[in-house]
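Chain letters run A, B, ... following the sequence lines, proteins first, then strands; residues in each count from 1.
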Number of protein chains: 2
Amino acid sequence: MNFSKTTSYSLSILSYMAINEDENMSAKYLHDKLSIPYPYLRQILTNLSHHGFIKSQRGRSGGFTFSKPKEQISIADIVATTDGLRSLSNCILGFKKCPFNKQCSMHSVWEKTRNDIVKILNETSLADIVKRAE
Amino acid sequence: MNFSKTTSYSLSILSYMAINEDENMSAKYLHDKLSIPYPYLRQILTNLSHHGFIKSQRGRSGGFTFSKPKEQISIADIVATTDGLRSLSNCILGFKKCPFNKQCSMHSVWEKTRNDIVKILNETSLADIVKRAE
DNA sequence: ATTAAATGCTATAAGCAGATATCATATATG
DNA sequence: CATATATGATATCTGCTTATAGCATTTAAT
Ligand code: FES
Ligand code: FES
C-alpha cells in the first residue's frame, strides 16, 4: 500500500533538488543528504535523466540539474516512470474479473478516495512542493 | 501503491466466503471460483485459519468456515495479518528522517486522504461487504 | 599533461514476495 | 476396512525489485 523503493527514491531526489536548487547536485552529494544507497542512487539518477526531468553534467564538479520547469513536473509524471498509476485502478479487494459479475462491494467506497489520490498526484508539481516547503 | 498479492487474495477469499456462506468452502472450490493459484491459496487459507478468522474441517468433504461473527472482522484486521497498515503512516515522498528537519511538503495534503483510507479499512466489516453485495 | 572527481554503461549479486511441490494426517463415504 | 478427498506442515523454486561492482568516458583544477 505504498510506492516502490525506486519511486520513493525518485520522489525524494527530485523534491530535494527542487527545494535546494542552488546547491551542487552530484550523486555523491545527494547520497550524503538523502542516505540512498550510492550505486542505486546512480541508477535512479540515470533513469530520471533519460526521462527528461534532469540533465547531467559529466566530469569534475559535474552533477545534475533540472532540464525543464518545475511547474511542468507533476508527482504523477515521476511515478509514471517507475510504478505507474495503473495499480490505483485495480480493485482494492484484488479481483481481476469480478466473481460476482459486477463491481465488488468495496468499489463505491474506494472510488472516491482513490480519485483523491490520483488528483493529488496529478495536480501537485515540484513547484508546488517548493512553495509548501517555504 | 496497492496491497500485496497475499493481502488482495486474503480479501478476495474472505469477502467471497462472507457473501456465499451457504456453499461448501474447500480450497479446491475457492480455487475454481477465484482463480487463485491452488498451492498459494492453500497457504493463505492456513494463514487466515491461524489468525482466527476461519476454522478448518479436515478430511473428506472438509473445508473452511468462519470462526467468528463477520461483524467482528474489519478489512484492517485482515490487512494487519499480512502487509499491515504501517506503510500508510510512511511519508509519501519516501523520507524516513525528513532531510528538511520537518514534515515533508506533501505531508498535509496527503494526511487527509491517508486518514480516509485508514478509516474505510477500519470501519468496513465483512458484514458490511455482504450488505453492500445484496 | 596529470590527476581527481564526476557521470555513462552494464553485468551481476542478494533478498523477498509469489508460487510450487510433496508428504503426512484426518475423515466421510462406500 | 479401503479409498477418495480434504487440510497441516514445510521445503524448495522462480522471478522481480533492490542493491552492488567495475570499467569507460568526460571535465575541471593543478
Ligand atoms: S471492483 Fe473492487 S474496488 Fe472496484
Ligand atoms: S513527512 Fe512526507 S508525507 Fe508526511
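- A heavy-atom distance below 4.5 Å is not found between the side chains of A:Asn47 and A:Thr6.
- A:Pro37 comes within contact range of the sugar-phosphate backbone alone, with a heavy-atom separation under 4.0 Å but no base atom that close.
- When the side-chain nitrogen and oxygen atoms of A:Tyr9 are compared with OP1 and OP2 of D:dT18, none of them lie within a distance under 4.0 Å.
- Without hydrogens or angle criteria, B:Asp83 side chain to B:Phe3 main chain gives no donor-acceptor distance under 3.5 Å.
- Atom CG of A:Leu41 is separated from atom P of D:dA21 by 15 Å (rounded to the nearest Å).
- Computed from coordinates, the B:Leu45 CG to D:dG8 P distance equals 9 Å when rounded to whole Å.
- Checking side-chain atoms of A:Ser67 against main-chain N and O of A:Phe53 turns up a donor-acceptor pair under 3.5 Å.
- To the nearest angstrom, C1' of D:dA6 lies 16 Å from OH of B:Tyr29.
- You'll find the side chain of A:Leu45 reaches within 4.5 Å of the side chain of A:Ile13, heavy atoms only.
- Between A:Tyr38 and A:His31, the ring-plane angle classifies as perpendicular under the 30° and 60° cut-offs.
- Note that the OG atom of B:Ser15 and the CD1 atom of B:Ile78 stand 7.5 Å from one another [nearest 0.5 Å].
- Distance B:Met25 CE to D:dT7 P: 12 Å, rounded to the nearest Å.
- With rounding to whole Å, B:Tyr40 atom OH is found 16 Å from D:dG15 atom P.
- Residue B:Thr46 is the one, among A:Asp83 and B:Thr46, whose nearest nucleotide of DNA chain D lies closer to the 5' end (criterion: closest heavy atom).
- With A:Asp116 as the fixed residue, the salt bridge (charged side-chain N to carboxylate O under 4.0 Å, His left out) test singles out one of A:Lys119, A:Lys112, A:Arg114: A:Lys112.
- By the 30° and 60° cut-offs, the orientation of the rings of B:Tyr40 relative to B:Tyr9 is perpendicular.
- As judged by a 4.0 angstrom heavy-atom cut-off over every strand, A:Tyr38 is placed among the base-contacting residues.
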Given protein heavy atoms under 4.0 Å, the one-letter contact record of nucleotides 23-30 of chain D, with B base, S sugar-phosphate only and - none, is simply --BBBBS-

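- First and last contacts of DNA chain C with chain B, using any nucleotide atom under 4.0 Å from a protein heavy atom and ordered 5' to 3', fall at C:dG18 to C:dA28.
- Between A:Gln43 atom CD and D:dG22 atom C1' the separation is 13 Å, expressed in whole Å.
- Applying the side-chain contact (heavy atoms from CB on, under 4.5 Å) test between B:Leu126 and each of B:Lys70, B:Met17, B:Glu21, B:Lys68 identifies B:Lys70 as the sole match.
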